[in-house]
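Here the structure is laid out as structure tokens; the discussion comes afterwards.
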2 protein chains.
Amino acid sequence: MKTRSPRLQDLGEDEVVRELANGLPVDRSVVAGAGDDCAVLEYGRTGYYQLFKTDCLVMGVHYAPDTPPKLVGRKALARAISDIAAMGGWPTQAVVTVVLSPSFTLQYVKDLYAGLSGVAREFGVSVVGGETSRPAANHSGKTAMISVSLLGLVEKGRCILRSGGREGDQIFVTGLLGGSLNGKHLSFQPRVWEGRWLSDHFQPTAMMDLSDGLAQDLPRLAKQSGVGFQLVYSRVPKAMGCEMKAALCDGEDYELLFTVSNDRAEALHALWTKNFPSLPLTNVGWLCSQEESMAAEFDELKGWDHFEVSTTTGR
Amino acid sequence: MKTRSPRLQDLGEDEVVRELANGLPVDRSVVAGAGDDCAVLEYGRTGYYQLFKTDCLVMGVHYAPDTPPKLVGRKALARAISDIAAMGGWPTQAVVTVVLSPSFTLQYVKDLYAGLSGVAREFGVSVVGGETSRPAANHSGKTAMISVSLLGLVEKGRCILRSGGREGDQIFVTGLLGGSLNGKHLSFQPRVWEGRWLSDHFQPTAMMDLSDGLAQDLPRLAKQSGVGFQLVYSRVPKAMGCEMKAALCDGEDYELLFTVSNDRAEALHALWTKNFPSLPLTNVGWLCSQEESMAAEFDELKGWDHFEVSTTTGR
């Protein structure tokens, strides 16, 4: 009897990505492929790795239809920049694909590009190509989708994967978590300078950006490092007006989550405050053995999952 | 009085792209940005340029909903490979973004990726990342969109832009043109080996791939080279069963269109036939001054344009 293939709506995003990442062709130019914040690629015979990331925004899923197009364009590129920052690198060049209903005005697209170009300039990114298309004619209503692919560079000795965490490492997050839908999901600052500083001075053992919320992202980091984690709830830095659940599950924080060896944690705190006085840094827990992990407890806290049809739109 | 911004449906694709390409930030790492088949980027202190291209396929626009997903995945990557070939380079790594309604099955996505991975293996491309998302909840009906971004490399001396054509150069096309919707738009072979061979032995002065049909693409090449063109209609190599209009306007040929200096044209013909006996090469005309150009005549022949709402779907 033939088993029916499950529908995407019945699967989690991680599950789909895992299924798809299996069996992708990769050669020796690939240091790390699908599964980290960015792919890591050899970059000729230089002292650098190249970083490569793709990301997309869908109207009605990742942003509300009445969001000003400048902010949409800004967010589309800033999300990808945040992923490059999470590897310890800096962004270099981007290409953009926009799919828009023909009823959008030229001004809308220009504003979208203006927002994207603004954040590109701020972080030294060249925008080197674009593709435009329209959605299928059977779509009533307006459709908009922006996909951005971004390149970056990082010194070989400063590239930080999700997989390097070890038992005993201390877990840190930058900024305050939760409530991003109140505006931060459109105005966040990708943590490029912070990531560069960290990779230069403290060589985090593992790092990623917080896009789906600590409750989903911390277990991912621990899993890819092959360890467990202990989170001290009382330490989680909550954004103003946020309950614990919001701080853990809202997602779209675009802060850095990273681990540092236990003996360097104290020095990090002191130096951080001097260098980034206006951005909180919080030691929220530590990595431990898988047996002692809080991972099972976290399975019940669900963050943002793209294929869950029950999820409210508007993020 | 405020002038109303035109809607995308009232503008051609070239017009939209031109508007958007204005004012994009670029730095010295960019040898050629938006406007050619690919962006051309510095690649460290090596003898190579890096090529960077994004392209997308929308169900109901670029392929019929009942197209087997393996062929859709194949086409999504093969189109981008064709653009790399058109610069004289070879493809290296790709990332993929897929937006699919939650009602699609996991098997559909797996098949899509299998087709993409197949053509990736054939051309030595590593697939190093992917992003999955769903369309907005207000879409009834099924939505599917695949966006691919692809990197490539080319020796600095062998990179061929659209802009290098000069008066007197002979114009060539590979293969037979027209009727692609009968199947070739899904099964075409990106002309990587042919482009490599050309860039090695004959250094074309300008080259691009034929995606929108000779009637649209030849004027583009001539315009970017700052010259005019003469096309000899009777020489246009028509695919079986195709009238002239189909050969000129159908689009999706994915053949190479290139120009070679007049004194090398004869030698090219002889050597080509020896190296690629099963792929026709045709000298369809020559580049001339803008005053002698047939460009005005071509304005009436319209190829495929993504924002024209009147265009039939299914391509």
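Each chain gets a letter, A, B and so on, in the order the sequences are listed, and its residues count up from 1.
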Return the set of residues passing salt bridge (charged side-chain N to carboxylate O under 4.0 Å, His left out) with A:Asp111 (not counting sequence neighbours), or none when no residue passes. none

Measuring heavy-atom distances to chain A, does B:Ser103 have an atom under 4.5 Å in its side chain, in its backbone, in both, or in neither? both

At a heavy-atom separation under 4.5 Å, does B:Phe104 approach chain A through its side chain, its backbone, both, or neither? both

Looking only at heavy atoms and a cut-off of under 4.5 Å, which of B:Ser149, B:Ala94, B:Gly129 has the most pairs with chain A? B:Ser149

Those residues of residues 116-124 of chain A, ordered by number, that approach chain B below 4.5 Å (heavy atom to heavy atom): A:Ser117, A:Ala120, A:Arg121, A:Gly124

Check the pair B:Glu252 / B:Tyr254 against side-chain hydrogen bond (donor to acceptor under 3.5 Å, both in side chains), numbers first and verdict last. CA-CA 6 Å; B:Glu252 304 225 34; B:Tyr254 304 110; 2.8 Å; yes

Taking B:Asp217 for the side chain and B:Ser211 for the main chain, is one N or O donor matched with an acceptor at less than 3.5 Å? yes

Heavy-atom side-chain contact between B:Leu100 and B:Thr143 under 4.5 Å: no

Within a strict 4.5 Å, meaning less than it, do heavy atoms of the A:Met145 and A:Met59 side chains meet? no

A:Arg158 side, atom CZ; A:Ile160 side, atom CD1 - distance, nearest 0.5 Å: 8.5 Å

Residues from residues 23-38 of chain B approaching chain A under 4.5 Å (heavy atoms): B:Gly23, B:Leu24, B:Pro25, B:Val26, B:Asp27, B:Ser29, B:Val30, B:Gly33, B:Ala34

Donor-acceptor pairs under 3.5 angstrom involving side-chain atoms of residues 82-90 of chain B: please list them, not counting sequence neighbours.
| from | atom 1 | to | atom 2 | distance (Å) |
| --- | --- | --- | --- | --- |
| B:Ser82 | OG | B:Asp209 | OD2 | 2.7 |

Step-by-step side-chain hydrogen bond (donor to acceptor under 3.5 Å, both in side chains) determination, A:Arg220 to A:Gln216: CA-CA 7 Å; A:Arg220 281 178 181 147; A:Gln216 270 200 79; 3.1 Å; yes

Is there side-chain contact between A:Val96 and A:Val98, with heavy atoms separated by less than 4.5 Å? yes

Heavy atoms only, distances under 4.5 angstrom: which of B:Leu57, B:Val40, B:Thr97 has the most pairs with chain A? Name it, please. B:Thr97

Could you tell me whether the side chain of B:Tyr43 and the main chain of A:Gly44 form a donor-acceptor pair under 3.5 Å? yes

Is it the backbone or the side chain of B:Leu106 that comes under 4.5 Å from a heavy atom of chain A, or both, or neither? both

Please check this pair: side chain of B:Thr46 against backbone of B:Tyr48, looking for a donor-acceptor N/O pair closer than 3.5 Å. yes

With a 4.5 angstrom heavy-atom cut-off, which part of A:Val99 approaches chain B: side chain, backbone, both or neither? side chain

Flag the pair A:Arg7 / B:Gln107 as yes when at least one side-chain heavy-atom distance between them is below 4.5 Å, and no otherwise. no

